[in-house]
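These notes are about the structure you will find just below.
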Amino acid sequence: MPRTVTEAKAIQDELRALLDLTGPGPRSPARIAGVDVAYDRDRLAAAVTVLDGTTLEIVEEVAVAGRVTFDYVPGLLAFREVPALLDALGRLSAAPDLVVCDGYGLAHPRRFGLACHLGVLTGLPAIGVGKTAFVGTYPEPAPERGSWTDLTLDGDVVGRVLRTRDGVKPVFVSTGHRVDLDTACHNVLNLTPRYRLPETTRAADRLSRRALTENCRTDLVGSAPHKMG
DNA sequence: GCGACAG
DNA sequence: ATCTTGTCGC
């Protein structure tokens, strides 16, 4: 792990060479993993929820507890979340066919956001779905679900601003590893039959928060025995 | 130099 | 990320 911002940026530049931007990636993944991390001071809980790609039902969950080892710095989010996420992903009974991250992939100052970082380190197809703008410029997409516009940065199309629900604020989709933009957006729309955010993201968010609170209440009877490090 | 800035 | 009540709408 890097100890300074300069070191972290250098690592991103090195790992970027290992990126596989060759598509298309899974169009009908059987197992789709959602990942997220919740925090409380210096404590954290990383969660991975695997959904059936067809029914969107949760088929596996893993949560691990840990400590913050890297402060949040815009552009270096991966160094804060990747260690715990790798731990959690490694405890799955079987590898997922696609990983949906909370945040960005190629749409990043150095073209190496969380989705790229996690993808390269696991070798798994990965995409990023952000809730708010981070980098790039874009026209507002039409109000209907499915409409989208290019997210441009320094003259490059680095992602898409995708409307997942009619009349609702769009999400920011970008490529992570081994998946192209069309396939990434196709999957995001399949994962949003009812809400703005992918079911994977919603499930992982709930699990990470649940794990965070349960982990500090092990003294209480009846606390569900989750898989925690 | 100043402001913005995924989660 | 997290701090936080009510409120408008389907």
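A note on names: the letters A, B, ... follow the listed sequences, proteins ahead of strands, and every chain is numbered from 1.
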In this structure, how many angstroms lie between the [atom2] atom of [N] and the [atom1] atom of [X], rounded?
X: A/Arg67; N: C/dA1; atom1: CZ; atom2: P; result: 20 Å
X: A/Asp71; N: B/dG7; atom1: CG; atom2: P; result: 18 Å
X: A/Phe134; N: B/dC5; atom1: CZ; atom2: P; result: 10 Å
X: A/Leu76; N: B/dG7; atom1: CG; atom2: C1'; result: 12 Å
X: A/Leu114; N: C/dA1; atom1: CG; atom2: C1'; result: 13 Å
X: A/Tyr195; N: C/dC10; atom1: OH; atom2: C1'; result: 12 Å
X: A/Tyr39; N: C/dC3; atom1: OH; atom2: P; result: 14 Å
X: A/Asp40; N: C/dA1; atom1: CG; atom2: P; result: 14 Å

Report summary line: Note: A/Asp180 and A/Thr175 closest approach over all heavy atoms is C-OG1, 3.7 Å
Requested in this report: Heavy atoms only: give me the nearest A/Pro125-A/Val179 pair and the separation to one decimal.
Outcome: CB-CG2, 3.6 Å
**Report entry** Near-parallel close stack of A/Tyr72 and B/dG7 base (under 5.5 Å, under 30°)
**Finding:** yes
Can you find a side chain N or O atom of [X] that sits less than 4.0 Å from OP1 or OP2 on [N]?
X: A/Thr132; N: B/dG7; result: yes
X: A/Lys131; N: B/dA6; result: no
X: A/Arg41; N: C/dA1; result: no

Contact class for [X] vs. all strands (heavy atom < 4.0 Å): base, sugar-phosphate, or nothing?
X: A/Gly75; result: base
X: A/Ala107; result: nothing
X: A/Arg43; result: nothing

Requested in this report: Determine, for A/Lys131 against A/Asp102, whether the closest basic-nitrogen to carboxylate-oxygen distance falls under 4.0 angstrom.
Outcome: yes
Requested in this report: Indicate yes or no: at least one non-hydrogen side-chain atom of A/Asp36 is less than 4.5 angstrom from one of A/Thr201.
Outcome: no
Query raised in the report: Do the side chains of A/Ile127 and A/Tyr195 join up, straight or via other hydrophobic residues, at under 4.5 Å, putting them in one cluster?
Result: no
